[in-house]
Protein chains: 2
Amino acid sequence: MTLQPFNIGGLSRQTGVNIETIRYYEKIGLLPPPARSQGGFRQYEDHHLQRLRFIRRGRDLGFSIDSIRALLTLAERPDSPCEGADQMVLLHLDEVERKIADLTLLRDELRKMKNCCGQVVAQCQIIGSLTAPGSAQQDAI
Amino acid sequence: MTLQPFNIGGLSRQTGVNIETIRYYEKIGLLPPPARSQGGFRQYEDHHLQRLRFIRRGRDLGFSIDSIRALLTLAERPDSPCEGADQMVLLHLDEVERKIADLTLLRDELRKMKNCCGQVVAQCQIIGSLTAPGSAQQDAI
DNA sequence: CATGGACCCTGGAGCCACTACAGAGTCAAC
DNA sequence: GTTGACTCTGTAGTGGCTCCAGGGTCCATG
């Protein structure tokens, strides 16, 4: 329960979100524009803090800005059914699992590549496997 | 051993690299500019094909354009030592492993989130855990 | 020789989610 | 009133493409 409004720097410190990013979120309509001081400084209130924390957490979980926008819309209507949120999490989970699988394949390939060869590029497994995947030792490009 | 030069479409089909991307690679100096037909069409030769395949493979392995540039420079000098290549693979492997670890944590959190709650947003675990990480069931934003 | 359709050209804008910067103005403590 | 931290706006840049408009080229047909 913060009583006094705070500047953008305070909001940044309390959320770990970059100042530039906060202004960016306002620009794209993710964070509502706050009141301003006489000199034009942004003056945030507690609900901005809550909302930005929500956004931050969503971003940390890898949701896109658009998904977060949708989740915020949901969150604003406590009586609405939450299938939408469930759907979004499932979709995102699928995506993350696919990414992990892809990166794991990648990792295995990179592991095979490392522990380079002899001494010079001409015999280098790494360069070789880039030149012709599957077999090493090829002419350089 | 292709004898006739081929157009950008042919190069695209043989490598799986988008035509626009090929032109982009030329623009940023990754692929050398080929000869041109009288009408201005790009005419590629076998060495372009080899080089683009190298680039493609590097991208598939997740290397950045800059890394690929460096690897190509290495590949061009068969007598040079290949520690550089080894280093790059190790660095990249580290990065990939870090990414996998991050995504795995993410996946576990998303798994905890799914199988939404009751029926409405007010009791929704998903919205709740975005609102306040660690504990569910909070007021909406 | 004309035509049609597939192909290709250039230059520029757009994507995502920020991040960086210049040049100016504001605020609060001393 | 001065200092120094803070904030403002607007614009441009990042990576790695991707898409588009508005035109030109190529070559197999009729």
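Within every chain, numbering begins at 1; the chains are lettered A, B, ... in the order of the sequence lines, protein sequences first and strands thereafter. Just so it is clear, the values below take in all heavy atoms, side chains as well, and ignore hydrogens, waters and symmetry mates.
- Two residues are said to be in side-chain contact when any heavy atoms from C-beta on lie closer than 4.5 Å; A:Glu26 and A:Pro34 meet this criterion.
- Taking only side-chain nitrogens and oxygens, B:Arg42 never comes nearer than 4.0 Å to OP1 or OP2 of D:dT25.
- Among the atoms of the strands shown, only primed sugar atoms or phosphate atoms (P, OP1, OP2) are found under 4.0 Å from some heavy atom of B:Ile19.
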Short heteroatom pairs, N/O only, protein and nucleotides 3-6 of chain C, under 3.5 Å:
none

Step-by-step side chain to side chain contact (heavy atoms under 4.5 Å, CB included) determination, A:Tyr44 to A:Leu52: CA-CA 11 Å; A:Tyr44 292 100; A:Leu52 187 52; over 6 Å; no

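- What separates CD of B:Gln38 from P of D:dT25 is a distance of 11 Å, to the nearest Å.
- When atom types are taken as modelled, the side chain of B:Arg36 and the backbone of B:Gln43 share no donor-acceptor pair closer than 3.5 angstrom.
- For the pair B:Ile28 CD1 and D:dT18 P, the interatomic distance rounds to 12 Å; values are reported in whole Å.
- In this structure, the CZ atom of A:Phe6 is 16 Å from the C1' atom of D:dT7, given to the nearest Å.
- The backbone N or O of B:Leu30 lies less than 3.5 Å from a partner atom in the side chain of B:Arg51, making a donor-acceptor pair.
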Output a table of nitrogen or oxygen pairs between the protein and nucleotides 4-6 of chain D separated by less than 3.5 Å.
none

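- Contact annotation: B:Arg36 reaches the phosphate of C:dT10 (side-chain N/O to OP1 or OP2, under 4.0 Å).
- The side chain to side chain donor-acceptor pair (under 3.5 Å) analysis of residues 62-71 of chain B, with sequence neighbours excluded, yields the pairs B:Ser64-B:Ser67.
- Using a 4.5 Å cut-off on side-chain heavy atoms (C-beta onward), A:Arg59 and A:Ile65 make contact.
- For A:Asp102 and A:Arg98, the salt-bridge test fails: no basic side-chain N is under 4.0 Å from an acidic carboxylate O.
- The ring pair (Phe, Tyr, Trp, His ring centres under 6.0 Å) test applied to B:Phe63 returns B:His92, not counting sequence neighbours.
- At least one donor-acceptor pair closer than 3.5 Å links the side chain of B:Ser12 to the backbone N or O of B:Val17.
- To the nearest angstrom, C1' of C:dC9 lies 11 Å from CD of B:Glu26.
- Every residue meeting the salt bridge (Lys or Arg N to Asp or Glu O under 4.0 Å) condition with B:Arg23, not counting sequence neighbours, appears here in chain and number order: B:Glu20.
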Annotated protein contacts, base or backbone, on nucleotides 14-22 of chain C with a non-hydrogen cut-off under 4.0 Å, one of B, S, - each: ---BBBBB-

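- The interatomic distance linking A:Gln43 (CD) with D:dT7 (C1') rounds to 12 Å, in whole Å.
- A:Phe6 has its side chain out of reach of A:Glu45: every pair of non-hydrogen atoms, C-beta onward, lies at least 4.5 Å apart.
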